[in-house]
2 protein chains.
Amino acid sequence: MAGTDAKTPRERYRTQVRAEIKELAWEQIATTGASALSLNAIAKRMGMSGPALYRYYAGRDELITELVRDAYRSLADTLRSASAAGADLAVLAHTLRAWALEDPQRYLLIYGTPVPGYHAPDDITLISSETMAILLDACAALPSDGPATPFDAHLADHRDWADGHPAPPAVLHRALSFWTRLHGVLSLELAGHFTGMGFDPALLFAAELDDLLTVMDR
Amino acid sequence: MAGTDAKTPRERYRTQVRAEIKELAWEQIATTGASALSLNAIAKRMGMSGPALYRYYAGRDELITELVRDAYRSLADTLRSASAAGADLAVLAHTLRAWALEDPQRYLLIYGTPVPGYHAPDDITLISSETMAILLDACAALPSDGPATPFDAHLADHRDWADGHPAPPAVLHRALSFWTRLHGVLSLELAGHFTGMGFDPALLFAAELDDLLTVMDR
DNA sequence: AAGATTCCGTTAGAGGGTATCACGAACCGT
DNA sequence: ACGGTTCGTGATACCCTCTAACGGAATCTT
């Protein structure tokens, strides 16, 4: 939080109110979901009347965009600090799951159903590519002696998203598989599709991760 | 559609209007997403004023529930007819993907972000278990000579969701993997998380499916 | 065929949401 | 102390869901 404490008291107050709005927004989102986020309700909880919030956020969309940005940032930071502490892919996976379970709606805000019209600003895409870079690094740490698949060949020519990362196509493929598979288990768990089925989602996650790692090691 | 044509003209009219409402609802959902579905907008497109729709649906929730039901039913029917035509797991997977791409919002209506408060009626859970049964059948068709994993052992004691299906735990595990992995790729594709990355989502899907099948075959 | 009943669609209205606008008040730097 | 900036407010327009009361049409009953 480098730029939080501003020079003038006015700006101090402003950023503090913006932070309080976001905090209440997260609270509300955690219980009612992002689609039911209401500026009005936040304003009333802050003791002021509706339109006042428009001094701080141009509208609902801008607030949600800010929340999405923070969510991406939080995920990237969490994974990076784990990675910096020497986490391998397995630890990274459990870090991801812990982050998701900590606030399911925050995960779903990023990876859940998007609003058809909405398009995220460029800086958000940038933060999300940070996460991808961390993943690529972790995937590159494994030995890569598997057979090249057709999709690997395709990736050799379509690797713009790797953003200059020097990993070979097989590593890119690994990172994608890591992402999509863990998201598959996680999102279904968070969406409640496993409730009532009886088994422990954590064990399914572990099994998927295990399978993922043994395949990568061959 | 056995009960569609009712006896009395009144019921005929009623069911026809209900169908028209649903049709417009699907149109609207396809473009604006489920969260933005508006009874008012549907009514105006039908040339009548808002509250009239409440003669046909008790409210927005009931309409959406009906849409969810129809979506589950459509998926189950699609997979069953494919299965009846002799489709193996690979064909089933591509059938699933085709069904999802045909109307992304329909897929997301089922497997996307849920509204925290909402709980689906029991009959919907039943239809979804039909889909699971089809999957289990297809998974049981493969030879099962892999090593038993810890999760397999867990499934042996937590298999209520299989609803009496005589498949061994390893097959249950396969079905779950099939479901979660394909959902992982599909949902990210439908949510647009691959746009701008450059590669072809269809190839990633194919690669994931290939990996899934070779692992299952061992 | 005529009356009774049921059902349909309308308007009116409560309550909540987003968002804009103009106005008074508080604040801050000068 | 003064003047410009910023803040919070109420009023307003326009969405939405949903309920209630009313007139009219279609259906059922006798």
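- Between A:Y56 atom OH and C:dA19 atom C1' the separation is 17 Å, expressed in whole Å.
- Atom pair B:R12:CZ and C:dC7:P shows a separation of 18 Å (rounding to whole Å applied).
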**OP:** Would you please test B:H94 and B:F205 for side-chain contact (heavy atoms from CB on, under 4.5 Å) and show each step?
**Re:** CA-CA 9 Å; B:H94 284 113; B:F205 185 86; 4.0 Å; yes

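- Considering only the side chain of A:S49, D:dG10 comes nearest among D:dA21, D:dG10, D:dC18.
- Following rounding to the nearest Å, A:I21 (CD1) and C:dT18 (C1') show an atom-to-atom distance of 15 Å.
- Rounded to an integer number of Å, the gap from A:Q16 CD to D:dC7 P is 13 Å.
- Where B:D61 and A:M48 each meet DNA chain D at their nearest nucleotide, the meeting point lying more 5' is that of A:M48.
- Under 4.0 angstrom from either OP1 or OP2 of C:dA26 there lies no side-chain N or O belonging to A:R10.
- Ion pairing between B:D70 and B:R73 fails under the 4.0 Å rule for side-chain N and carboxylate O.
- Backbone-only engagement by B:R60 is indicated by non-hydrogen atom pairs under 4.0 Å involving sugar-phosphate atoms exclusively.
- Summarising the geometry, the separation between OH on A:Y57 and C1' on D:dC7 is reported as 16 Å, rounded to the nearest angstrom.
- Heavy-atom contacts from other residues, nucleotides or ligands closer than 6.0 Å to CD of B:E62 number more than 12.
- Classification of the B:F199-B:F194 ring pair by plane angle, with boundaries at 30° and 60°, yields tilted.
- The phosphate of C:dG9 (OP1 or OP2) has a side-chain N or O of B:Y13 nearer than 4.0 angstrom.
- Rounded to an integer number of Å, the gap from CD of A:E62 to C1' of C:dA19 is 13 Å.
- Under the 3.5 Å distance criterion, with hydrogens and angles disregarded, no donor-acceptor pair is assigned to the side chains of A:Y111 and B:S187.
- Around CD of A:E27, the count of heavy atoms belonging to other residues, nucleotides or ligands within 6.0 Å exceeds 12.
- Only A:L37, A:S38, A:L39, A:N40, A:K44, listed by number, bring a heavy atom of residues 33-44 of chain A to less than 4.0 angstrom from any atom of DNA chain C.
- Taking a cutoff of 4.0 Å between a charged side-chain nitrogen and a carboxylate oxygen, B:R14 and B:E11 do not qualify as a salt bridge.
- The side chain of B:Y54 contributes no N or O atom lying less than 4.0 Å from OP1 or OP2 of C:dT10.
- The CG-P distance, from A:L53 to C:dC21, rounds to 18 Å in whole Å.
- Remark: P of D:dG23 and CZ of B:R55 are 14 Å apart, rounded to the nearest angstrom.
- For B:R14 and C:dC8, the shortest distance from a side-chain N or O to OP1 or OP2 is below 4.0 Å.
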